[in-house]
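Down below is the structure, laid out as structure tokens.
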There are 2 protein chains.
Amino acid sequence: MSTIYEVSKLAGVSSATVSRVMNNSSRVSPNTRDKVLKAMDELGFRPNSIAQSLASKRSNSIGVVISELQGSYYGMLLNEIELTLRSAKKHVMIAAGHADAAIEEDSIEFLLQRSCDALILFVEAVSDQYLRDLKKRGVLFTLINRQVEGLETQCLSIDNYQGGYMACQKMIEVGHQSIAYISGPEWKLDAMERLRGHRQALKDHKLPIHDELFFTGDYTEYSGEHGFEQLYKSGIKFSGLVCGNDEMAAGAIMAARHLGLALPDDLSVIGFDDAYFSRFIYPRLTTIKNPIKEIGTVSANRVLHSTYGLKSKNLEYDNQPLLIARDSLTAPK
Amino acid sequence: MSTIYEVSKLAGVSSATVSRVMNNSSRVSPNTRDKVLKAMDELGFRPNSIAQSLASKRSNSIGVVISELQGSYYGMLLNEIELTLRSAKKHVMIAAGHADAAIEEDSIEFLLQRSCDALILFVEAVSDQYLRDLKKRGVLFTLINRQVEGLETQCLSIDNYQGGYMACQKMIEVGHQSIAYISGPEWKLDAMERLRGHRQALKDHKLPIHDELFFTGDYTEYSGEHGFEQLYKSGIKFSGLVCGNDEMAAGAIMAARHLGLALPDDLSVIGFDDAYFSRFIYPRLTTIKNPIKEIGTVSANRVLHSTYGLKSKNLEYDNQPLLIARDSLTAPK
DNA sequence: TTGTAAGCGTTATCAA
DNA sequence: TTGATAACGCTTACAA
């Protein structure tokens with residue numbers, strides 16, 4: 001690998017000038033610029049970005065910590081982020097947090113140590129205070145799927161409460177009177193918001209709330225399967241089931257079928273997220289769309305904006321959920 | 001952020017000594033080591049890894065280029081890679097290649113420019129020659145899901161031919177005589193290998209090969225849907241369908257149901273990969289397991305081994321596919 | 001066992 | 001518009 005110094009020799013200029021043409025940082029006469037470009041080309045010169053980082057105190061890399069690297073939800077998000085950052089010539093470093101506070105903190109520190117200029121954080125276990133302290137330390141970041149007091153301007157999330165409300169309301173509109181709910185884990189804020197919206201819709205429509213019709217899962221399909229079996233055993237009849245996410249809906253549907261129910265006639269189901277696979281569940285899953293792609297793009301653009309002053313049009317997003325009507329919802333028999 | 005120099009002053013030693021205790025590179029007396037450690041602690045010292053990289057010509061980061069960031073297949077792979085690399089304290093930089101030669105090459109150069117010590121490549125469009133040249137340039141890398149002549153020791157892939165053979169053979173064993181096939185795109189090597197295995201099994205069992213029973217898809221569920229419709233229209237009856245991957249199987253199953261077929265009685269289906277969602281398709285999909293997790297772990301370990309001399313036990317893997325029997329396969333009526 | 005000092009390949013300040 | 005040259009924070013011969 002050739003260096004800036006070799007280029008400067010070949011072009012007959014100083015290394016400072018070479019640096020200038022690389023960065024367009026200050027005026028260089030067209031003549032010398034040409035000479036430099038030619039020399040670079042001839043040597044196949046590629047700037048060493050490590051050296052650039054050290055000297056400029058800017059690494060042009062952005063760290064992303066995300067709960068999991070697998071799962072359609074995270075995949076879509078990561079994809080959008082990479083696309084956006086990449087087109088701005090920024091490197092993306094990733095680390096998984098696995099929804100564990102220690103691992104999440106470690107991931108963040110790990111990325112910071114590597115001189116990431118900014119972070120995009122999808123963290124669920126780390127405390128609000130830790131995040132506020134991060135800001136105090138001068139770290140630039142955006143926060144996905146979470147609202148933290150004091151960090152409002154850098155938080156991006158959808159209105160989970162509204163989504164939960166919509167799903168339940170739709171069930172009621174179609175005619176269901178007895179509706180079961182399988183929620184995500186209690187320690188996940190989005191799960192609790194979705195649940196809160198559901199309960200409120202029930203209340204607003206003067207429907208009774210039976211504790212036996214609520215099951216707390218953990219967002220996995222296994223908990224959806226297990227949850228459905230529990231609800232079914234409870235003895236209280238229900239014709240509708242709302243799930244905190246699509247994975248659990250998929251699991252619940254499997255369980256319902258094993259128990260001999262015909263879907264959607266015996267049971268209507270609504271999921272949440274509009275995950276990739278929800279079209280391939282049978283019956284095709286009616287669900288609440290989570291505009292995760294948009295959130296990915298916007299979070300990346302905001303980081304680009306606040307860190308490098310890059311202007312972008314996609315700095316705002318619509319945090320309203322949307323009902324995607326497919327086949328798993330029908331009127332009760 | 002404090003520097004090594006400040007630590008050295010506080011500890012009353014030279015900066016070289018501080019560096020030594022950081023890296024355990026050469027003996028330091030327990031006494032001075034303690035002093036240094038104490039000073040580090042007091043200052044909250046964190047080494048600047050950019051500076052370390054520049055000086056040591058080693059960035060401790062590994063680049064991963066993968067076709068897509070979304071999809072269960074890639075997600076699982078990425079997850080294993082991150083886990084393995086992370087536990088070895090290496091940073092992982094990612095870039096998506098989108099199965100486009102220009103983007104893939106750009107991704108590779110992009111990561112190299114960032115001084116990645118090694119690469120893990122899941123690239124599909126770039127030429128074999130480019131990859132051989134990469135090796136000549138001295139770049140360390142492993143190659144996933146691909147076999148390139150001259151790079152045998154750094155390629156990891158399963159036996160797709162054998163997998164294709166197994167699927168077809170199983171169909172035949174169960175009693176199917178007329179079997180349709182929806183393959184992945186022609187330019188994907190794994191897709192062609194799977195198809196080749198399928199045809200060979202047909203031949204070995206003396207079953208006729210009808211061109212009308214073959215459809216070339218592109219690994220998406222849409223092409224599975226479309227493909228099934230085409231095959232169905234062909235007029236040639238078939239009771240079994242083998243798909244080049246699970247996505248297409250999912251699409252084909254959707255299409256079959258829309259056309260009024262009862263599964264698995266009217267149609268048996270086998271997929272490939274054992275994707276995350278294949279358990280949640282109805283009927284639960286019988287498929288060929290692709291040991292992608294194992295491949296992820298092994299590829300990361302190999303890179304760690306060849307790049308940093310780290311020894312590891314997981315340097316070998318079993319490239320034999322495995323049939324996962326679920327509910328989508330039954331004897332023909 | 002420890003220190004000195006020359007890099008590593010850039011950027012950026014100051015003069016010219 | 002250009003050139004010297006001092007950082008940037010660390011590693012690593014080479015000496016002591």
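Chain letters run A, B, ... following the sequence lines, proteins first and then strands; every chain starts at 1.
When DNA chain D is scanned in the 5' to 3' direction for atoms under 4.0 Å from non-hydrogen atoms of chain B, the outermost contacting nucleotides are D/dG9 to D/dA13. In the 5' to 3' direction, nucleotides of DNA chain C lying under 4.0 Å from heavy atoms of chain A begin and end at C/dG9 to C/dT13.
Summary of helix geometry: the two end axes of the helix from C/dT1-D/dA16 to C/dA16-D/dT1, each defined by five base pairs via their C1' atoms, are inclined to each other by 30° (rounded to 10°).
If you check residues 33-56 of chain A against DNA chain D, the residues with a heavy atom closer than 4.0 Å are A/L54, A/A55, listed by number.
Residues that satisfy the salt bridge (charged side-chain N to carboxylate O under 4.0 Å, His left out) test with A/E109, not counting sequence neighbours, are A/R137. Legend: residues meeting side-chain contact (heavy atoms from CB on, under 4.5 Å) with A/A51, ordered by chain and number and at least two apart, are A/N48, B/L54.
Atom NE2 of A/H305 is surrounded by 12 or fewer heavy atoms from other residues, nucleotides or ligands within 6.0 Å.
The CD1 atom of A/I292 sits 6.5 Å away from atom CG of A/N145, with the distance rounded to the nearest 0.5 Å.
Each of B/T17 and A/S19 lies near DNA chain C, and the nucleotide nearest B/T17 is the one positioned closer to the 5' end.
Among the atoms of the strands shown, only primed sugar atoms or phosphate atoms (P, OP1, OP2) are found under 4.0 Å from some heavy atom of B/S29. Nucleic acid contact for B/V18: none, since no nucleic acid atom lies under 4.0 Å from a heavy atom of the residue.
One N or O on the side chain of B/D117 and one on the backbone of B/S59 form a donor-acceptor pair closer than 3.5 Å. A distance-only check finds a donor-acceptor pair linking the side chain of A/E152 to the backbone of A/G150 [under 3.5 Å]. Looking only at distances, a side-chain donor or acceptor of B/Y317 sits under 3.5 Å from a matching main-chain atom of B/S157.
For the pair B/D128 and B/R146, the salt-bridge criterion is met [side-chain N within less than 4.0 Å of a carboxylate O]. With salt bridges taken as basic N to acidic carboxylate O contacts below 4.0 Å, one links A/D133 and A/K136.
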Next on the checklist: side chain to side chain contact (heavy atoms under 4.5 Å, CB included) for A/R33 and A/R20? Distances and angles first, verdict last.
Outcome noted: CA-CA 9 Å; A/R33 152 175 250 97; A/R20 289 189 185 101; over 6 Å; no
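Remark: of the listed residues A/V126, A/I103, A/L121, A/L121 is the sole one forming a side chain to side chain contact (heavy atoms under 4.5 Å, CB included) with A/V65. Screening A/L156, A/L131, A/I120, A/L134 for a side chain to side chain contact (heavy atoms under 4.5 Å, CB included) involving A/L143 leaves a single residue, A/L131.
The aromatic rings of A/H91 and B/F110 sit parallel, their planes meeting at an angle under 30°, below the 60° perpendicular limit.
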